[in-house]
Structures are given as C-alpha cells and as structure tokens.
Amino acid sequence: MSTPETQYFALLQAALWDKPVATDEPFDWEAVLKIANHHDMGALIGGTASQLAGDARPPQPVLAKMQSAMRGNLVHHMRLKQILLAAVKLLREHGIEPVLLKGFGLALLYPNPNLRQFGDIDLFVGVDRFHEACALLRTLPGGYNWGEEVDVGRHYNIEFGGYPMEIHRVSADVAEGKERERYSAIESDGLLQHPRQVDFEGFALTVPSNEFQVFFTFFHAWHHFLTTGVGWRQVTDVAMTLHAYHGLLDTDKLRQWLEDMHLMQPWQTFGYLMVERLGLPEAEMPFYDVRCRRRAQRLYRRIMATGNFGRKSSFKRSKPRKAGVMRKLHSAVGIFVDFAYRARVFPEAAFREMGAALKNSFGKFGKN
C-alpha cells in the first residue's frame with residue numbers, strides 16, 4: 001500500500017473501532033481526503049481527523065473541507081429522518097409495516113451514525129400491498145413522484161425536496177430461474193418471517209433479521225462490484241453488521257444462503273480485506289479463510305482503482321449522457337470492460353455475468 005492508503009485505513013479503523021490513529025508518518029492530507037471522497041467516506045474520516053491535535057491535525061483548508069462534509073451529512077440525515085418517520089407512521093396507520101433497508105438502518109451500527117454517508121431511504125413493503133403503499137406515500141407533503149408505479153422493476157421512487165425514497169416490492173434484482181427462487185426464499189425468511197425491531201430515538205423501526213442484514217448488505221456490495229464498482233463504504237457496512245451481530249448470528253443459515261447463491265468464495269475474499277484492511281476481528285468474520293489472501297490483494301487493487309460506484313473509472317465517467325447510438329455502443333463495449341474488471345478477481349463470476357449481459361442485450365435487440 002502507498003503511504004496515503006496506509007494513513008486512510010489508519011483513520012478509518014480509528015473511526016470504526018473508536019481507537020487511536022495508528023501511524024507515525026506525517027499525513028498526506030490532500031491524498032487521504034481524495035481517497036475518502038472517492039469512497040464516500042469523507043465525513044467518517046473527517047470525524048476522526050478533526051479530533052487529532054498538534055502536528056497530526058490537518059491543515060485548516062483540508063479540515064474545513066472535512067467539517068463541511070460532516071455538517072452537510074448531518075443536515076442530510078436530519079431531513080431524511082423526518083421523512084422516514086412520517087412515512088413509517090403513515091403506512092402503519094393503514095396496517096402496512098415497512099422494513100428499513102440499507103443506508104439508514106446500517107448507519108445505526110456505526111459509532112457515530114451521523115457520519116455514515118448515504119443518499120436515500122429504502123423501505124421494503126413486499127408485493128401484496130406495494131401499490132397501496134406507493135399511493136399512500138404519494139400523499140405525504142412535498143413529494144414528487146416519478147410517474148405511476150407500474151412496471152418499475154423492484155422499487156418505486158418518490159422525492160421530497162430533493163431527498164429520495166425508494167419503496168421496494170422486492171429487495172434485489174435477481175435473474176430468472178433457480179437463483180431467483182433461492183433468493184426469494186432467503187428474502188422471505190429475513191424480511192417477512194423474521195424481521196425485528198430496533199429503537200431509534202424512542203421510535204421503533206422494523207429492520208431485517210440479523211442474518212438477512214448481514215447477507216443482504218454483502219449481496220448489495222457484491223452487486224455493485226459486478227456492475228458500477230464497489231467502494232469501501234459498502235465493504236465497511238458488511239464489517240459493521242458482523243461486528244454488531246457477533247454472537248447473535250445463525251451461522252449455519254448464513255452459510256447455507258451464501259452457498260445457495262454461489263457467494264462463498266466472494267464472501268471469504270471480501271472477508272479477508274475486512275479483517276486485514278478494516279480491522280474487523282478475525283473471530284467476528286464467519287468462514288474466514290487466509291488462503292484467499294492472493295485473490296483478496298487483486299480485489300483490493302480493483303476497489304482502489306474504481307472507487308464507490310466506479311467514481312474513479314474513466315470509462316464509467318465517459319458514458320454519454322444523452323440516449324442514442326453512442327450511449328448504446330458505450331454500453332455494449334462496457335460488457336467487455338466489466339468482464340475484464342471482474343475476471344482479474346473472480347473469473348467464474350465474470351463469465352457468468354458477461355453471458356447474462358450479452359443475452360439481455362441480444363434480447364433487447366431482437367425486440368427492436
């Protein structure tokens with residue numbers, strides 16, 4: 001690792017586990033902040049950096065950027081919290097119990113939830129009352145919906161003054177066939193049969209079962225690795241679920257889910273990085289396997305090279321904004337670019353995903 005990378009992870013570990021920053025060299029603050037911003041971790045890193053004293057403290061221009069990110073994150077959280085509580089209350093008044101997914105629920109697992117960056121609210125309501133839930137939420141003041149919720153895939157979007165909410169009928173897009181059947185069974189177990197409630201400032205929120213929270217957080221990170229590119233924010237989320245639920249997990253169930261979805265190798269590879277780079281105690285990483293070290297090193301380079309949602313990928317950034325032939329051509333070339341990106345770490349998954357992408361592309365072509 002380069003010196004800025006080493007310093008970035010020293011700050012990140014200090015923020016995650018509430019411990020002193022472990023580095024002796026002077027910080028390259030501009031480089032560290034650049035890494036943090038590429039992975040949507042600027043506020044989290046800023047929280048630790050602002051507590052440093054003396055020569056270790058960032059110079060004022062850098063500190064000002066970090067503090068600005070922290071303030072912006074806090075305002076964002078406060079507004080999303082207002083929207084979330086209003087939405088949950090409204091749905092409950094009509095007998096619908098939403099389950100909180102992803103960002104907001106995961107932030108509660110961090111030492112300082114206000115420093116975990118996220119953009120929207122995700123509520124799972126299931127298939128049966130999906131349309132009713134969407135209609136109810138459209139009545140909340142200040143909402144702007146993106147059309148009716150017909151043929152919208154797995155979720156429907158509503159914005160409240162620029163703050164988005166996604167209402168999910170299913171928690172993830174999974175290919176047709178046996179894989180979708182297996183995922184549906186996992187989803188039913190974690191979101192419909194065994195959800196649980198947590199206290200949020202005196203208000204009860206429903207969240208997934210412990211096992212599903214861990215599994216789905218990883219599944220979401222894996223999806224981003226396969227598509228746009230995964231950043232340390234998503235990997236850190238998985239580590240925080242494992243830390244929060246250590247000793248409370250049915251690891252036999254988790255193992256079965258990972259094996260059913262052909263995810264054990266990716267899980268162990270990401271797990272090696274969670275232990276070695278993020279400082280997750282090895283005892284808290286189920287199915288940890290040190291033999292993944294070489295593959296994990298290749299994965300590490302891919303994560304650092306692309307950043308959150310492929311932010312550092314020049315190819316992703318070059319995608320034409322307007323629909324047309326050039327945008328379609330860019331997407332077609334992207335199938336092979338993504339294959340090369342994945343194949344360096346997980347060749348089997350790379351071939352599987354490229355086959356699905358080509359099939360989907362030719363299917364769309366055939367309909368035109």
Next item on the list: Taking all non-hydrogen atoms of both residues into account, name the closest pair between Ala204 and Arg92 and its distance.
Entry: O-NH2, 2.8 Å

Notebook entry, point to check: Is Glu201 salt-bridged to Lys81, cutoff N-O under 4.0 Å?
Noted result: yes

Notebook entry, point to check: Has the side chain of His39 got a donor or acceptor atom that lies under 3.5 Å from a matching backbone atom of Trp232?
Noted result: yes

Next item on the list: Would you check if the side chain of Arg196 reaches a backbone N or O of Pro208 as a donor-acceptor pair within less than 3.5 Å?
Entry: yes

Check: Can you check whether Asp250's main-chain N or O pairs, donor with acceptor, with Glu211's side chain at less than 3.5 Å?
Finding: yes

Check: Are the side chain of Gln117 and the backbone of Ala43 linked by a donor-acceptor contact shorter than 3.5 Å?
Finding: yes

Check: Under the 3.5 angstrom rule, does the side chain of His94 hit a backbone N or O of Ile96 as a donor-acceptor pair?
Finding: no

Item checked: Considering all heavy atoms, the nearest Glu284-Pro286 contact -> O-CD, 3.2 Å

Check: Are Tyr163 and His76 close enough that their ring centers fall under 6.0 Å?
Finding: yes

Next item on the list: Spell out, as yes or no, whether a donor-acceptor pair under 3.5 Å connects the side chain of Trp257 to the backbone of Asp252.
Entry: no

Check: Between His243 and Trp17, does the ring centroid distance fall short of 6.0 Å?
Finding: yes

Note to self: Closer than 4.0 angstrom, basic N to acidic O: yes or no for Glu132 and Arg129?
What the structure shows: yes

Next item on the list: Give a yes or no on whether the backbone of Gly47 and the side-chain of Gln67 come within a donor-acceptor separation of less than 3.5 Å.
Entry: no

Item checked: Closest non-hydrogen atom pair between Arg182 and Asp260, with its separation -> NE-O, 2.7 Å

Check: What do you reckon, is CG of Asp18 surrounded by more than 12 foreign heavy atoms closer than 6.0 Å?
Finding: no

Next item on the list: Specify whether His220 and His224 have parallel, tilted or perpendicular ring planes, treating 30° as the upper limit for parallel and 60° as the lower limit for perpendicular.
Entry: perpendicular

Margin query: Distance check, rounded to the nearest 0.5 Å: His246 atom NE2 versus Asn210 atom CG?
Written below: 13.0 Å

Notebook entry, point to check: For the residue pair His77 and Phe118, is the inter-centroid distance of their aromatic rings smaller than 6.0 Å?
Noted result: yes

Check: With a 6.0 Å cut-off on ring centres, are Phe219 and Trp222 close enough?
Finding: no

Item checked: Sidechain N-carboxylate O distance under 4.0 Å for Asp122, Lys102 -> yes

Next item on the list: Fit a plane to each ring of Trp267 and Phe218, take the angle between them on a 0 to 90° scale, and name the class: parallel (under 30°), tilted (30 to 60°) or perpendicular (over 60°).
Entry: perpendicular

Checklist line | Leu137 to Met165 - nearest heavy-atom pair and separation | finding: CD1-SD, 3.9 Å

Check: Should the pair Phe346 and Phe270 be assigned to parallel (<30°), tilted (30 to 60°) or perpendicular (>60°) ring geometry?
Finding: parallel

Note to self: Tell me if a side-chain donor or acceptor on Ser188 pairs with a main-chain N or O of Ser184 at a distance below 3.5 Å.
What the structure shows: no

Check: With respect to Leu242, which candidate in Asp237, Val275, Leu109, Val214 satisfies the side-chain contact (heavy atoms from CB on, under 4.5 Å) definition?
Finding: Val214

Check: Going by distance alone, is a donor N or O of one side chain under 3.5 Å from an acceptor N or O of the other, for Tyr156 and Arg138?
Finding: yes

